[in-house]
Amino acid sequence: MPVARGTRVVENGGIVVLTGAGISRESGLATFRDTDGIWARVRIEEVATPEAFARDPCRVQAFYNARRAQLADPALAPNAAHLALARLEREWPGEVLLVTQNVDDLHERAGSRHLLHMHGELGKARCLACGAASPWSADIEPISACPACGATGRLRPHVVWFGEMPMEMDRIDEALGRCGLFVSIGTSGSVYPAAGFVAGVRGRARTVELNLEPSEGAMLFDEAIHGPATQVVPAFVD
Ligand code: BV8
């Protein structure tokens with residue numbers, strides 16, 4: 001069933017927005033695969049797999065502790081792209097699902113509420129004893145105790161490593177199955193299953209890529225608008 005707001009109509013109803021590290025770049029957070037990105041400085045196999053955590057938990061904790069500490073920087077703020085997506089959600093009540101690959105909390109700070117973190121959240125720690133994911137802003141240390149069960153030394157970052165199942169996939173697949181518009185923002189399209197979302201909806205939904213440069217899946221999109229997120233996202237939303 002079409003969803004209309006003034007002259008703008010979304011066939012089938014439902015807007016799914018996928019974001020990646022590029023949307024947070026102009027807020028000062030590094031991306032992963034740009035020349036100055038995180039994977040240019042550290043290898044995935046050393047810090048972002050269950051095997052790495054089993055082999056050297058202190059190294060993995062230090063990697064995420066350093067990134068978590070960035071979230072506490074008073075200078076860190078959502079940018080115009082994050083704010084535009086929060087506005088989109090307000091203007092299309094109940095129609096927008098924001099799926100982010102990012103583990104920062106800039107979408108929340110911008111006001112987005114209908115939001116799923118498919119790769120987890122830096123601002124939470126998960127307990128290996130009880131499974132609880134609790135808000136966590138400090139470093140995770142060997143003596144850190146789980147706020148839910150009290151177990152010490154059993155906390156890991158609440159993020160999805162390579163080889164682990166992304167979170168909320170049932171809700172994501174359901175939204176992709178009925179959306180009329182799919183917008184991909186600030187992602188290289190190199191990590192699955194997120195990189196495969198566009199292939200699953202194209203032909204049924206209007207697909208748009210908003211990115212600094214063509215992603216690996218650029219040819220799968222109906223439309224592509226290339227430029228910095230703080231310029232192309234507000235222009236698209238408005
Ligand atoms: C899984 C952890 C199965 C948290 C991350 C099929 C084919 C091939 C491989 C696979 C496959 N299925 C699974 C795999 C394996 C693997 C995978 O995809 N590997 C890749 C490398 C080939 N996938 C997985 O392991 C996934 N798990 O599928 O599990 C399963 C099933 C059952 C049971 C168990 C398991 C898990 C993937 C999640 C891994 N965790 N991160 C953290 O440390 O943050 S992924 C990592 O890459 C990041 O988290 C990020 O989310 C993700 C994607 O990166 P991007 O966000 O796109 O960032 P990137 O730097 O790459 O690109 C930035 C873009 O922004 C660029 O295009 C740039 O041009 C643009 N940009 C820059 N500046 C701006 C800008 N755009 C606009 N404005 C700007 N200013």
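One-based numbering along the sequence shown. Both backbone and side-chain heavy atoms feed into the values below; hydrogens, waters and symmetry mates do not. Counting convention: from 1, in listed order, for ligands and their atoms alike.
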#### Entry: Option with minimal heavy-atom separation from atom 63 (C) of ligand 1, where the choices are G186, G20, G163
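Among G186, G20, G163, the closest heavy atom to atom 63 (C) of ligand 1 comes from G186.
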### Message
Among I38, V160, V191, which one puts a heavy atom closest to atom 37 (C) of ligand 1?
### Response
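Residue with the shortest heavy-atom distance to the ligand atom: V191.
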Quick one: does [X] get a heavy atom under 4.0 Å from ligand 1?
X: S215; answer: no
X: R67; answer: yes
X: S190; answer: yes
X: A48; answer: no

### Message
Looking at R156 and E164, is there a salt bridge between them, counting it only when a charged N and a carboxylate O are closer than 4.0 Å?
### Response
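So E164 pairs with R156 through a salt bridge.
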### Query
Would you call D238 and R87 a salt bridge, taking side-chain N to carboxylate O under 4.0 Å as the test?
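Yes, D238 and R87 are salt-bridged.
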Please classify the [X] to ligand 1 contact at 4.0 Å (heavy-atom distances, strictly less than): side chain, backbone, both or neither.
X: L212; result: both
X: R33; result: both
X: M165; result: both

### Query
Parallel, tilted or perpendicular for F197 and F182, by the 30°/60° rule?
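Ring orientation of F197 relative to F182: perpendicular.
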### Query
Would you call the rings of H107 and H82 parallel, tilted or perpendicular, where under 30° means parallel and over 60° means perpendicular?
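Aromatic pair H107/H82 classed perpendicular.
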### Query
In Å and rounded to the nearest 0.5 Å, what is the CZ to CD1 distance from R154 to I140?
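Output value for this atom pair is 13.0 Å.
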### Task
Check side chain to side chain contact (heavy atoms under 4.5 Å, CB included) between H114 and all other residues, then give those that pass, not counting sequence neighbours.
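Side chain to side chain contact (heavy atoms under 4.5 Å, CB included) list for H114, sorted by chain: E89, L97, R171.
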### Under-4.0 Å heavy-atom contact between protein and atom 15 (C) of ligand 1
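False for atom 15 (C) of ligand 1.
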### Task
Check each atom of ligand 1 against the heavy atoms of A229 and keep those under 4.0 Å away; list them by number with element.
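Taking each heavy atom of A229 in turn, ligand 1 has 77 (C), 78 (N), 79 (C) under 4.0 Å.
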